[in-house]
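For reference, the structure is listed below as structure tokens.
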Amino acid sequence: MVKKKVYRASWECPSNIALVKYWGKKPAQLPLNPSLSFSLQKARTTTRVRMESSAKRKVEFLFEGKPSIFAERIEQYLASMSLEHEWLNNFSFYIESSNTFPHSAGIASSASAFGALALCLVDLKQQVTHRNFTDQQFFQKASRWARMGSGSACRSVFPSFTLWGRMAGFPGSTDCNAIPVTSAFHPAYQSLRDAVLLVDSSEKQISSSAGHELMNSHDFKDVRLTQACNHLKELLQVMKSGDHLRFFDLIEKEALSLHAMMMTSDPSFILLHPNSLTIIKKIRDFRQQSGLAVGFTIDAGPNIHLIYFEQDNLQVRAFIEAELVNFTENGNWLDDCIGNGPVKLNG
Ligand code: PMV
């Protein structure tokens, strides 16, 4: 009997939050517009893959120790990746995954999940082919592979700020993978914090894939794409100069434009919850009254991400506890900040 070859890889990968939003895509999961995000520190997925040589690919997936509905998506992902990467056909995959954030929190986990899985697969490819990629090659590949699972996942494999999508005047930017942004930003932006106010964890009415699809026939498509590019260009300038007021203007406009696109697509859909709007109003009132540099962004869901700087931590926490937790689901919020990117694990 031929002895089975067994390979193992384990990675931990963070989620990320976009400041300029990716909304709308073309085939092969390429974005209609460039986006900018930062990786989170605490919201992470850990994935361990055992890969065994076998004549027919079998995929087993456990999430937090139990079979999960995500298994089907992973099988489809591996099947589609294997069209281009044939070596994937020679193995079976036993995958175990867990998140640091609660499963029912209603926060998108596909970015950290596909980030972690893609990092494991590139690691396994290195082992199978006895090649040593440079760090740059390794993370670029991981970003491309993550993109095929979930577009925004391609931004999760890098620390700190990440740009995805070709942008005129930004060398190295490409639709195929994200790149780390090493611009000399004002130092305050390395101390960004994200308080994720969990408003409603019930299942979304519409998947983000379906939402992206609706952009293709959207009345405002061209205007939105131009707006996103202009916002990105200006945001990169603002983050150099440290104009915090404009920074929050821009990221809030981005978040509201994303939801405006959803509300005005055909068919229309609304992901915001009445409490999302109450929280937005309270954040704006707080900014006005306190004079602090705070603002919000929103993902494809009802949760509000309160963005602020580390130096204002105490006042912002007091504000959250006094004024916002009552509008969250069961008082739940996640205290996160800009992060250091993925970590390779032993075993
Ligand atoms: O990666 P997807 O296909 O789940 O798309 C997510 C897009 C947004 O989160 C709404 C915006 C973004 O840029 O992350």
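Note that ligands are numbered from 1 as they come in the structure, with each ligand's atoms numbered from 1 the same way. These figures come from a predicted structure and were not determined experimentally.
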Review point. Can you find an N/O atom of Trp23 closer than 3.5 Å to an N/O atom of ligand 1?
Key: no
Study note, to complete from the structure: For Ala300, the ligand 1 atoms with a heavy-atom partner under 4.0 Å come out as 10 (C)
Point to revise | Polar proximity ligand 1 side, Tyr22 side, N/O cut 3.5 Å exclusive | key: yes
Check your understanding: Below 4.5 Å, heavy atoms only, C-beta onward: do Asn177 and Arg147 meet side chain to side chain?
Key -> no
**Study point:** Trace of the salt bridge (charged side-chain N to carboxylate O under 4.0 Å, His left out) decision for Arg317 with Asp335
**Key:** CA-CA 9 Å; Arg317 274 174 166 271; Asp335 178 25; 2.4 Å; yes
Point to revise | Connected via hydrophobic side-chain network under 4.5 Å: Met262 and Leu214 | key: yes
**Study point:** Arg155 contact mode with ligand 1 (heavy-atom cut-off under 4.0 Å)
**Key:** side chain
Exercise for review: Following the transitive rule for hydrophobic clusters with a side-chain heavy-atom cut-off under 4.5 Å over Ile, Leu, Val, Met, Phe, Trp and Tyr, establish whether Ile95 and Trp87 coincide in one cluster.
Suggested key: yes
Exercise for review: In sequence, state the C-alpha distance, the side-chain angles, and the governing distance for Asp285 and Lys282, and then conclude on salt bridge (charged side-chain N to carboxylate O under 4.0 Å, His left out).
Suggested key: CA-CA 5 Å; Asp285 289 349; Lys282 283 185 172 284; over 6 Å; no
Check your understanding: Short list, please: which atoms of ligand 1 are under 4.0 Å from a heavy atom of Ser208?
Key -> 2 (P), 3 (O), 4 (O), 5 (O)
Review point. Side-chain heavy atoms under 4.5 angstrom apart, residues restricted to Ile, Leu, Val, Met, Phe, Trp, Tyr: same cluster for Phe138 and Val49?
Key: yes
**Study point:** Numbered atoms and elements of ligand 1 in range of Gly151, under 4.0 angstrom, heavy atoms
**Key:** 1 (O)
Practice item. Might you work through the side chain to side chain contact (heavy atoms under 4.5 Å, CB included) test for Phe296 and Ile280, ending with a clear yes or no? Key: CA-CA 7 Å; Phe296 64 85; Ile280 288 174; 3.5 Å; yes
Exercise for review: Flag Lys21 as yes when one of its N or O atoms lies below 3.5 Å from any N or O atom of ligand 1, and as no otherwise.
Suggested key: no
Practice item. Look at atom 5 (O) of ligand 1 and say which protein heavy atom is nearest, naming residue and atom and giving the distance to 0.1 Å. Key: His212 NE2, 3.0 Å
**Study point:** Numbered atoms of ligand 1 (with element) below 4.0 Å of Ser150, judged on heavy atoms
**Key:** 1 (O), 2 (P), 4 (O)
Check your understanding: Any idea which protein heavy atom is nearest atom 9 (O) of ligand 1, and the distance to it?
Key -> Asp299 OD1, 2.8 Å
Check your understanding: Is there a side-chain contact between Ile283 and Val294, using heavy atoms and a 4.5 Å cut-off?
Key -> yes
Point to revise | Mode of Ser152 contact toward ligand 1 - side chain, backbone, both, neither (heavy atoms, under 4.0 Å) | key: both
Check your understanding: Short list, please: which atoms of ligand 1 are under 4.0 Å from a heavy atom of Ala18?
Key -> 12 (C), 13 (O), 14 (O)
